Amino acid sequence: MRYLLSFLALSLLTSASPLAGSEFTARHVLHRVPTGWVTVDSAPADHLIEMRIGLKQARMDELISVLEQVSNPSHVRYGMHLSKAEVDELITPSDETANSVEEWLNGHGVQVTGRSSAGDWLYARVPVARAEQMLNTRYNVYRHTSGSHIVRSESYSLPRWMDQHVDLIQPTTFFGSIHDVGPKFELETRATPTNNTECGLYVTPACLRKLYKTEGYVPQATDKNSIGITGYLGKSPIPSSIRTFKFFNLHRPDAKSPAFSVELVNGGQNNETASGVEGNMDTQYANVITYPTPNIFYSTGGLAPFTPDSTTATSSNEPYLEWVNYMLAKDKLPPVISTSYGETEQTVPKDYAIRVCNSFAQLGARGVSLLFASGDNGVGAGSCMTNSGTPRKQFQPLFPATCPFVTSVGATYGMSPETALVISQGGFSNYFKQSCYQEKTILKYVKSLGSKYEGLYNKKGRAFPDVAAQGRNYKIVLNGKETPITGTSAATPTFAGVISLLNDYRLSKGKKPLGFLNPWLYANADMLNDITLGSNTGCGTQGFNATVGWDPVTGLGTPDFEKMKEKV
Ligand SMILES: *[C@@H]1O[C@H](CO)[C@@H](O)[C@H](O)[C@H]1NC(C)=O
Ligand SMILES: *[C@@H]1O[C@H](CO)[C@@H](O)[C@H](O)[C@H]1NC(C)=O
Ligand SMILES: *[C@@H]1O[C@H](CO)[C@@H](O)[C@H](O)[C@H]1NC(C)=O
């Protein structure tokens, strides 16, 4: 089988161009197999890959301009979010792109099996042997320290003429080690916080609602509003309703029936037996702050186990892409979505990161606020060595927190004063440049650093986090017991919950939801509680300090619902 296909593909290539070999452009090359993975063997020739081809979106630049306009409070188009059809129109590839790439596939005997609603993604099922010729690469089976196996390549190339038509092809060099940003168990106590001192030790919904001043607000637009919470990895799905009710009994006895639903994406699961910390924490806190606003939990699958003797197509394991494409295909979207997942930016191929980030821009243009945890590694985990070229030390930011079209949330602790949590991740992207909404603010901070950490961070990079919220010792209900949990994972659904209440307020006044938040946040920094104490560490350094104004530990600060409400 393999040889037959190879022959066909080769003869087509050579007839198209006698110099086929030299006409490829390298799209991505890994300098080494990502940490945690080892090569097991070459992939079986007839193993099927679910190939995803990301076509160039014809008017992506225009979409980003529109996003900037509809999210800028001083622009006449503020709040005039696009519909699905309007976004699709901007991102639909040109006919030339669509046709030439489809011809290329057909020329290799490959049929398109599906496409995204805007036609900017083509899906095809391709045997390894064929994919190797199309992409001028080798596919191997790799094993992760966790025991799971995947089929990937360490580089891939495309014919040069495709440079102007294709952004990326997956699965190739992205190993997809997506993980929750690491909610951490803390020692358990029996204290049930009631006052400031105790809230400083253990955080409950009552503490947060008081500190961030949402306790007096009664949502009024719950028929129009909702909040989304994403979950990945299958092992962190939803809390059972019993646990949710136990949590509510403890913390919101006024809440009779929290409106909560689950949507399964890309083979995601809703398995209460395998329910994990992240899913429970995110949903419990988002629910309790926004009650009675409907909550939707998106459980996204990925990492389908590879079985060596099977020709069944492996799941592409591109969870962000699968999730975002699922969302973009919907007509109606929740105005706020909270995500507590991410991975070290340098482990995500740049073309992949850019494409995912542009997809987030599309959700933003449609009026969705995306909040992502900034990460729990301070300025970086471990030795912080770069993974390409000559290894050198560099602060290690987290993606997707570094995407300029999302709002990234760091963490604090203590009530009076609120202080930066030492793990709160922050810094500067090495992939994305600073957007104009934050340039001035960041320049001020960078100047104050002087030559400190010169060469360890990218001064012109998208700086994060944007904001922060409490992140230490959240009391959640896990397996029927109260358990304290720490991380920016906890801070994110909290900040998202406050934004959801602000949207409720806007919707109840007949206004549009806030949409992409950052231009509004940076233009109104004084509506947030500026955090000026504490620092984050990492990479063998003291890290950055929280300071007056923005800093790469707590961003602009933590929410003050009352002040923010005056600015919506
Ligand atoms: C907070 O509550 C605890 C226990 O209820 C009490 O011992 C403590 O004195 C209180 N602190 C303040 C500042 O009210
Ligand atoms: C749910 O998770 C449990 C524990 O991991 C596992 O034993 C069980 O097979 C799973 N059920 C389904 C339907 O996947
Ligand atoms: C943080 O503050 C400490 C104490 O004031 C100071 O020594 C250190 O240089 C500061 N670090 C940065 C990165 O500004």
Side-chain angles (χ1 to χ4, degrees), residues 181-182 184 200 342 344-346 372-386 391-399 401-402 404 407-435 437-472 486-488 491 518 521-522 525-526 528-558:
V181 300
K184 290 163 188 62
T344 303
E345 189 181 72
Q346 70 171 1
F372 279 82
S374 76
D376 289 353
N377 296 311
V379 292
S383 64
C384 299
M385 287 296 164
T386 54
R392 65 184 177 88
K393 187 150 95 175
Q394 192 177 46
F395 289 162
Q396 295 294 332
L398 197 87
F399 178 81
T402 54
T407 301
S408 155
V409 186
T412 62
Y413 73 98
M415 299 280 147
S416 51
E418 245 188 307
T419 304
L421 197 57
V422 69
I423 58 165
S424 184
Q425 197 152 347
F428 299 78
S429 172
N430 295 308
Y431 284 180
F432 299 100
K433 65 177 170 47
Q434 249 159 55
S435 292
Y437 63 73
Q438 67 169 184
E439 265 175 346
K440 254 197 183 144
T441 308
I442 307 307
L443 184 63
K444 193 163 158 252
Y445 180 84
V446 167
K447 276 190 171 156
S448 77
L449 273 181
S451 60
K452 186 117 188 166
Y453 301 143
E454 196 79 48
L456 286 178
Y457 73 101
N458 171 20
K459 291 178 185 180
K460 298 279 176 201
R462 185 281 200 256
F464 79 110
D466 301 297
V467 291
Q470 290 280 314
R472 193 184 74 175
T486 287
T488 53
N518 295 3
L521 290 169
Y522 283 83
D526 58 356
L528 297 154
N529 307 311
D530 189 8
I531 308 302
T532 59
L533 295 172
S535 62
N536 55 6
T537 57
C539 307
T541 75
Q542 295 294 308
F544 297 113
N545 291 334
T547 58
V548 173
W550 182 90
D551 53 71
V553 196
T554 58
L556 300 166
T558 64

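Predicted, not measured: the structure shown is a model, and the values here were computed from it. Remember, it's 1-based here, ligands and their atoms both numbered in the order they're listed.
- Two residues are said to be in side-chain contact when any heavy atoms from C-beta on lie closer than 4.5 Å; Phe544 and Lys452 fail this criterion.
- Which parts of ligand 3 touch Gly543 is read off a 4.0 Å heavy-atom cut-off, strictly below it: atoms 13 (C).
- Using a 4.0 Å cut-off to heavy atoms of Tyr453, the atoms of ligand 3 that qualify are 13 (C).
- Contact check for Thr488 versus Val409: no side-chain heavy atoms found under the 4.5 Å cut-off.
- Proximity of the aromatic rings of Phe395 and Tyr453 is defined here by a centroid distance below 6.0 angstrom, and this criterion is met.
- Of the possible donor and acceptor atoms, one in the side chain of Ser374 sits under 3.5 Å from a partner among the backbone N and O of Gln425.
- A distance of 6.0 Å or more separates the ring centres of Phe372 and Phe464.
- By the criterion of a heavy-atom distance under 4.0 Å, neither the backbone nor the side chain of Thr547 is placed next to ligand 3.
- Within a 4.0 Å radius of atom 11 (N) of ligand 3, the protein contributes at least one heavy atom.
- For Lys452, the closest heavy-atom approach to ligand 3 falls below 4.0 Å.
- Close contacts of ligand 3 with Leu449, meaning ligand atoms under 4.0 Å from a residue heavy atom, involve 13 (C).
- Given atom 6 (C) of ligand 3, the protein heavy atom at minimum distance is Asn545 ND2, 4.2 Å.
- The environment of Glu439 atom CD is dense: over 12 non-hydrogen atoms of other residues, nucleotides or ligands sit within 6.0 angstrom.
- A side-chain donor-acceptor contact under 3.5 Å links Thr407 and Asn518.
- By the 3.5 Å distance cut-off applied to N or O atoms, Tyr445 is not counted among the residues near ligand 3.
- Protein heavy atoms are found less than 4.0 angstrom from atom 2 (O) of ligand 3.
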